[in-house]
Amino acid sequence: QNNQSLKGKKVIVSAAGTREPIDPVRYISNRSSGKMGYAIATEAASRGAEVVLVSGITNIKAPENVKLIKVESAREMQKHIEEHFADCDITIMSAAVSDYRVKEVASQKIKKSDEVMTIELVKNPDILKGLGEKKSDKQYLVGFAAETQNVEEYAKGKLQRKNLDMIVANDVSQAGAGFNVDTNIAKIITCDGEIKQAPLMQKTELAKLILDTIEEKMNK
Ligand code: C5P
């Protein structure tokens with residue numbers, strides 16, 4: 001699709017996993033590849049949108065015609081997204097944000113000592129929930145939900161709790177869905193109650209379906 005249907009629109013996409021430091025050489029992270037978010041950013045740019053891609057850790061190369069901001073921690077990701085949010089039309093949070101961070105990051109490499117060691121964690125801000133609280137009626141906000149059970153029910157709960165316009169839910173326990181693969185099996189649930197069940201497909205194709213659905217709903 002090369003119809004410039006998103007020309008004049010500003011789109012923020014977050015992608016990949018965040019990395020929370022423990023000490024100068026260690027961190028806590030997750031298995032998110034960033035493939036879904038990079039596919040969405042690439043597709044939005046090809047439709048003419050001004051795209052800001054706020055990316056956690058991945059080795060995917062920068063898409064063309066996209067402003068790429070690379071971050072590590074959840075709080076860094078939040079800062080950059082919020083900087084761009086005010087005049088943004090569509091925000092798609094596909095990043096796997098760490099729910100917790102290390103309470104006190106050690107300034108020196110932690111030495112091995114006792115048999116058992118404990119690291120204290122504190123909750124990270126929920127970036128998406130914060131955006132849901134301040135978005136205007138004209139701004140379209142999309143979240144992702146990776147579940148291993150009760151996919152639809154949990155996803156609908158998140159859509160409401162975080163005041164979203166759409167949630168893309170997948171069952172990460174199914175083969176071919178979720179983290180670190182090129183394909184996904186997703187349900188696209190919108191705030192009007194509509195549910196589109198997408199079959200197993202390439203993330204590049206799912207990106208098109210997600211953006212088609214956003215455009216359809218925004219143009220209503
Ligand atoms: O509640 P849960 O983490 O499953 O919600 C997933 C959605 O919330 C994703 O869109 C993810 O990017 C976003 N999220 C966030 N900040 C967090 C945790 C999740 O923006 N701290």
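First listed ligand is number 1; within each ligand, the first listed atom is number 1.
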May I ask which of [options] has a heavy atom nearer to [atom] than the others do?
atom: atom 12 (O) of ligand 1; options: Gly143, Ala95, Gly132; value: Ala95
atom: atom 13 (C) of ligand 1; options: Leu128, Leu164, Leu131; value: Leu128
atom: atom 17 (C) of ligand 1; options: Val142, Val97, Leu141; value: Val97

> Which pair of non-hydrogen atoms, one from Ala175 and one from Ile185, has the smallest distance, and what is that distance?
Replying inline: O-CD1, 3.8 Å
> Does any donor atom in the side chain of Ser5 or Glu215 lie under 3.5 Å from an acceptor atom in the other side chain?
Replying inline: yes
Among protein heavy atoms, which sits nearest to [atom], and what does the distance come to when rounded to 0.1 Å?
atom: atom 10 (O) of ligand 1; value: Met93 O, 2.7 Å
atom: atom 4 (O) of ligand 1; value: Lys158 NZ, 2.5 Å
atom: atom 18 (C) of ligand 1; value: Asp99 OD1, 3.6 Å
atom: atom 21 (N) of ligand 1; value: Pro125 O, 2.9 Å
atom: atom 8 (O) of ligand 1; value: Lys162 NZ, 3.1 Å
atom: atom 7 (C) of ligand 1; value: Phe144 O, 3.1 Å

Is it the case that the side chain of [X] and the backbone of [Y] share a donor-acceptor pair, with hydrogens and angles ignored and the cut-off at 3.5 Å?
X: Gln139; Y: Ser136; result: yes
X: Arg101; Y: Lys123; result: yes
X: Lys203; Y: Val181; result: yes

>> Between Lys67 and Glu50 (salt bridge meaning N to carboxylate O under 4.0 Å), is one present in this structure?
In response: no
> Is Glu147 close to ligand 1, meaning an N/O of one under 3.5 Å from an N/O of the other?
Replying inline: no
> Under 3.5 Å, N or O to N or O, is Ile127 touching ligand 1 that way?
Replying inline: yes
> Run the side chain to side chain donor-acceptor pair (under 3.5 Å) check on Arg31 and Asn180 step by step: do they pass?
Replying inline: CA-CA 7 Å; Arg31 296 184 192 281; Asn180 232 331; over 6 Å; no
>> For a 4.5 angstrom cut-off between non-hydrogen side-chain atoms, does Lys10 reach Val51?
In response: no
